[in-house]
Structures are given as structure tokens and as C-alpha cells.
Amino acid sequence: MNELQTPPKNLVLIGFMGSGKSAVGRTLNQRLGYPLVDMDQVIEQRAGKSIAEIFEDEGEGVFRQRESALLEELVDPTAPRRIISTGGGVIGSLANRVVLRQLGYVVWLHAPEAIILERTSKNRDRPLLRTQDPVAEIQRLMAARKPLYAEAAHLKIDTSGLDCNEIATGILESARYFFTGHF
Ligand code: S3P
């Protein structure tokens, strides 16, 4: 890979709802000092309402359009290095998966379904899991999305039993190799 093809040195976190992207993003932000872009938060701030309200008022399609538009906007070679924390469904479109890899080093945080269920059942922030049977929905979405996370990611981290600092250390060590071309 020559210099021109080297992706910008952003760290991009992908993974299922409740896999720890926002928390690990904050840890990386503290350790590296790079600004943190939490995509869901940006979408909420711009819309002036929560993700759940966007889904309710405008539908998932509108949310996905905003998500893809924001992702495109983040591809800015003049921007400083950032940590980008995405929403769990960002890998749904091929176009988004391509953009993710243009953005930088893409890390898939993977957590077992039982942990996802435990974390996501603590609040009702996630419209896709407001169903009669969230367990079945997690299983269905996870099965459909796993290959897409795998396709988009440079690195998969199984987060079971690891705290945010340990996960961040793993990411930073691998990213160093990636960005210096030692992969
Ligand atoms: C979604 C995940 C959410 C948010 C929206 C849709 C998804 O983000 O973008 O509710 O499709 O998995 P988190 O992964 O941060 O919960």
C-alpha cells in the first residue's frame, strides 16, 4: 500500500448494540486525546430528538439516510484524527461498508448475545429491540449482521471478560501495526 492509499488514521468502532462502542470510544478518547465522534449522538443533536423519536416520527429509512450522510461527511482528509463510534446497523449497506474502510482502522467489538441482552434490556433507547421478543430479535439481527461486520472490519475483538481499558489497549497495539504497514 503506498502513501496515497493509506487510509486516514481514524479509529472506527463497529459492532452490535450494547457491544461497548460508546464506552470504548470514550476510553480511547481519554487515552489518545483524539476527538470522539459518536454518530448516534451527532444525529440526535442535529435532529433535536432522540434516535427512538426519529424512528417513531420519521421511520427507520430516514434515520438510515442521516446515518449514511453523516458517514460520508466524516470522510474529510483535512479533519484531525478522530475516534468514530458508529451505530450497530451502520454496516447494513454496502456503500456504508466501503466508506467505513475509507475512514480508517475499523474495529469490530463483538460480545455474546447474553451480554448484549443484559446491557440492552437496561433501557428502552433502542427502537429495534422494542419488540415482544427481544431475544429472538437480537439472534435474528446478529445472524444477519455478523458477516457484514466481518466484511467491514480490519480487526475483531471478542470483548468477553475484558474491561474498556483492556479493549482499548488491544485496539491501540493493533492499530499501531496497521498504520505503520507492518500487517
Ligand atoms: C441501531 C443501533 C443503535 C442506533 C439505532 C439503530 C442498529 O446504535 O444507531 O437504534 O440498527 O443496530 P447502538 O449500536 O449504539 O445502540
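Start at 1 with the first residue, then count along the sequence. It should be emphasised that the depicted structure is a prediction, and the values quoted were computed from it without experimental measurement. Indexing begins at 1, ligand by ligand and atom by atom, following the structure's order.
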Counting from 1 in the order shown, the ligand 1 atoms closer than 4.0 Å to a non-hydrogen atom of P127 are 10 (O)
With side chain to side chain contact (heavy atoms under 4.5 Å, CB included) as the test, would you mind laying out the steps for V24 and I83 before giving the verdict?
CA-CA 10 Å; V24 172; I83 298 147; over 6 Å; no
The answer for which part of R64 has a heavy atom under 4.0 Å from ligand 1 is side chain
Under-4.0 Å heavy-atom contact with ligand 1, by part of M142 that carries it:
neither
May I ask you to test the F63-D40 pair for a side-chain heavy-atom distance under 4.5 Å?
yes
So is there a nitrogen or oxygen of G88 less than 3.5 Å from a nitrogen or oxygen in ligand 1?
yes
For atom 9 (O) of ligand 1, which of I14, T86, D40, L13 has the closest heavy atom?
D40
Who's the nearest protein heavy-atom neighbour of atom 7 (C) of ligand 1, and how far?
G89 N, 3.3 Å
Tell me, which protein residue and heavy-atom name are nearest atom 16 (O) of ligand 1, and how many Å apart are they?
R126 NE, 2.7 Å
Using side chain to side chain contact (heavy atoms under 4.5 Å, CB included), reason through R126 and E137 one step at a time and then give a plain yes or no.
CA-CA 12 Å; R126 294 176 170 100; E137 191 55 14; over 6 Å; no
Could you go step by step and tell me if H110 and Y149 meet the ring pair (Phe, Tyr, Trp, His ring centres under 6.0 Å) rule?
CA-CA 9 Å; H110 178 68; Y149 292 126; 8.4 Å; no
May I ask you to check if ligand 1 and K21 share an N or O to N or O distance below 3.5 Å?
yes
Answer yes if the side chains of D133 and T131 hold a donor-acceptor pair under 3.5 Å, and no otherwise.
no
Salt bridge check: are E67 and R64 linked by an N-O gap of less than 4.0 Å?
yes
Closest non-hydrogen protein atom to atom 12 (O) of ligand 1, residue and atom name please, with distance?
R145 NH1, 2.7 Å
Need the ligand 1 atom indices (1-based, order shown) with element for anything under 4.0 Å from a heavy-atom of F63.
9 (O)
Between T120 and ligand 1, which residue portion shows a heavy-atom distance shorter than 4.0 Å: side chain, backbone, both, or neither?
neither
On a heavy-atom basis, which atom in R119 and which in G18 lie closest, and how many Å separate them?
NH1-O, 2.5 Å
Contact atoms of ligand 1, heavy-atom distance to L128 under 4.0 Å:
7 (C), 11 (O)
Between ligand 1 and G87, is the shortest N or O to N or O distance under 3.5 Å?
no
Does ligand 1 have any atom sitting under 4.0 Å from a heavy atom of M39?
no
Residues that K49 engages under salt bridge (charged side-chain N to carboxylate O under 4.0 Å, His left out), provided they are two or more places apart:
D57, E58
Considering only heavy atoms, which of I51, I91, I138, I116 lies nearest to atom 5 (C) of ligand 1?
I51
Side chains of R31 and N165: any donor to acceptor distance under 3.5 Å?
yes
Please check this pair: side chain of Q30 against backbone of T27, looking for a donor-acceptor N/O pair closer than 3.5 Å.
no
